[in-house]
Number of protein chains: 2
Amino acid sequence: MTTRATIADVARLAGVHAGTVSRALNPKTEGRVNRATVARVRRAAKQLGYTPNSIARGLRTSSSLTVGVVVPDLTNPIFPPMVRGIESALAPRGYSAVIVNTDGRDDLERLLVDSLLQRQVDGLIFATGHSEHAAAAEVFERGIKAVMVNRDARGIPFPAVVGDDAAGIRDVLDHLAALGHRRVVHLAGPASFSTGTIRAAAFVTRCAELGLEGRVVAAAAYSVDEGTRLTRGVLGDPADRPTAIVAGNDLLALGAYHALRAEGLRCPDDVSVVGFNDMPFAGDFQPPMTTVRVPHFDLGAEAARLLLGQLEAEATGVSPVRIVLPVHLVVRGSTAPPDQVHAAPG
Amino acid sequence: MTTRATIADVARLAGVHAGTVSRALNPKTEGRVNRATVARVRRAAKQLGYTPNSIARGLRTSSSLTVGVVVPDLTNPIFPPMVRGIESALAPRGYSAVIVNTDGRDDLERLLVDSLLQRQVDGLIFATGHSEHAAAAEVFERGIKAVMVNRDARGIPFPAVVGDDAAGIRDVLDHLAALGHRRVVHLAGPASFSTGTIRAAAFVTRCAELGLEGRVVAAAAYSVDEGTRLTRGVLGDPADRPTAIVAGNDLLALGAYHALRAEGLRCPDDVSVVGFNDMPFAGDFQPPMTTVRVPHFDLGAEAARLLLGQLEAEATGVSPVRIVLPVHLVVRGSTAPPDQVHAAPG
DNA sequence: CATCGTGTCGCAAACGATTGCAGCGATGCT
DNA sequence: AGCATCGCTGCAATCGTTTGCGACACGATG
């Protein structure tokens, strides 16, 4: 393991001072040194295979070219595309990302964020926004640059980039209404998440506009198990059983699938189900899931761009922009016209 | 953005020298300083909210407490659990991971590895092993510590931790044989991957042992599209159509699902399909997929532990250990006894 | 001919921690 | 009492860059 070439080695070989090498190799200061010298330095650097030690550079410039990405759980299939989007925007500017998983635990999140900060990340991207977001609040207090992605944090003026949740819900309701559904229930995500409240609100107003009989039950978490638990409850009284379920996300919808199957009901014949997010392989479920596609990759990329803008802006001004990206309904096999016999028993 | 407390601030407050603070706060050297002083330093540190600047420490100790993780594509659902396993083993030791995606491109991989090295990662974890693995070879040349996970790199003596591919294939073949299948084809992963060749080899030897009529066709990639392409070919002649398909991984199996459906064939009624990996939600596919579960989380965790061992060992000795973790078959809905009418048409 | 830019580059001080070495006082031993 | 020892802590070098400042040479200008 031969030790790497340093800037001093290059300087020696090129016959100049280390400071000059530094300037010659940095595009921003390259103009301040003689063209011939730059060439000589370049040649020497290449010959030695010199690459700057970014730790040393980071120490001097107090920046690490690293951003922290805080997600609840990388295993949730909506996050990998988002992370890739983030990295795709970061890489060209020389930044890279370090990812931490909070598993939804606030105390853990604060610990992890601390460790990220200790690592001198230049900024943070939160995919974990929710009300009472202690970690984000703390970060804001300390004047650290950050952005929210996918979800918003109530009361914390970080820029955010999110999908158009309301429009998505409107689209599914329109679709369901067109199919002939009248009695619909919404499996709402937790009220502590902006996605939960926004989608639920859009649900009730659109139901009203469409003259639909809409009911909403709230999930304690965005999970499969919660989806089946809630659905089981909703299915309780066959008399006023809904003909369609619009789930707060695909996981809840999957839970609905399970509950339906357990009750001996068929989807979409007996009840339609629609998800939200269009997670990978949603089209391969049983049945293929009708859901609304959220551009997670773009969400991530846009968030990263926003953060980079903040980082490279000299001004410390925090402009609480809110970028909302369009979503769109993809209709597959889990929605169909309601079965009139069962739907209107009375 | 009030500037963070440094070791000098703590030293001043505690009335000692910075060097003493450093020793007092480091568990390894804590014994070399008076207990009372340690307490005083601790108090001062806490009062100032001091956390060491890891960049500065890294410069001095020439270690970054960071490891690079090289995956083909984080979007492939087997990798998130692996990454989480890695992080779970890294975190307690103060290390963190930075992840890069190669998209299977060798040139890109070399670039990314270079950027990782420039970032002073202390070691590397490759989930991208294959024959002619240029990036890994280069890393080995330069004497950098690394381990392979999930896949092996032929000829490069890095430690590796993999699943027991051969045993897994044997289990599925036994299962299929017990069901009564005789004519089976294997959708083999690319020969450049150790998983591809090992599983294929196990397939032919077990078929021979079981007296099965086994055929293997090789995929150009581990992808859904390859799976349907290959399956379509296999289904060509109805006369000698196989009654079961054992796919090299779940993605290929999913592709088989698609091809079957396109041909108007039903799974498992007309032909059984089994996957490999048990990716998340494999049980929610249509039909629920019989597959072999690979402990990806544990694979990652074990690999990380191995790497940490290498890093903290003073000796530079590379012991090319190879840890193989057990896998096990999970039977779901995509396998059933063969339909005698179609299976033996002649 | 003296002066003033201008363009180049060297000097040296940071950045914030770690660590070998040496100094110091107190203690133990002869 | 003198000397070696030991426990503790200060000193200062060091890691590899970046960057403000000043020096120097050279051509132009009044």
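In the text below, chain A, chain B and the rest are named by the order of the sequence lines, each starting its count at 1.
The pair Glu87(B)-Arg84(B) does not meet the salt-bridge criterion, since no charged nitrogen lies less than 4.0 angstrom from a carboxylate oxygen.
Ring pair Phe140(A)/Phe158(A) is perpendicular by interplanar angle, where above 60° counts as perpendicular and below 30° as parallel.
Residue Arg57(A) places at least one side-chain N or O closer than 4.0 Å to OP1 or OP2 of dT18(D). An OP1 or OP2 oxygen of dT18(D) is reached within less than 4.0 angstrom by a side-chain nitrogen or oxygen of Ser22(A).
Contact annotation for Thr37(A): backbone-only contact, meaning every heavy-atom pair under 4.0 Å involves sugar-phosphate atoms and none involves a base.
In this structure, the nucleotide among dT17(D), dT18(C), dT18(D) sitting nearest to the side chain of Ile7(B) is dT18(C). The nucleotide whose nearest atom lies closest to any side-chain atom of Val16(B) is, among dG10(D), dG16(D), dG10(C), dG10(D). Among dG10(C), dT17(D), dT18(D), the nucleotide with an atom closest to any side-chain atom of Thr20(A) is dG10(C). Across dG10(C), dT18(D), dA17(C), the shortest atom-to-atom separation from the side chain of Thr61(A) is found for dT18(D).
More than 12 heavy atoms of other residues, nucleotides or ligands sit less than 6.0 Å from atom CZ of Arg40(B).
If you check the side chains of Tyr222(A) and Thr195(A), you find a donor sitting under 3.5 Å from an acceptor.
If you check distances only, the side chain of Arg60(B) does reach the base of dT18(C) with a donor-acceptor pair under 3.5 Å.
Residues Ala5(A) and Arg32(A) both approach DNA chain D. Their nearest nucleotides, taken by heavy-atom distance, put Ala5(A) toward the 5′ side. Both Arg23(B) and Ile55(B) lie close to DNA chain C; mapped to their nearest nucleotides by heavy-atom distance, the more 5′-ward contact belongs to Ile55(B). Sequence order on DNA chain C of the closest nucleotides to Asn34(A) and Gly19(A) puts Asn34(A) first from the 5' end.
Going from atom CZ of Arg40(B) over to atom C1' of dT9(D) covers 11 Å, rounded to whole Å.
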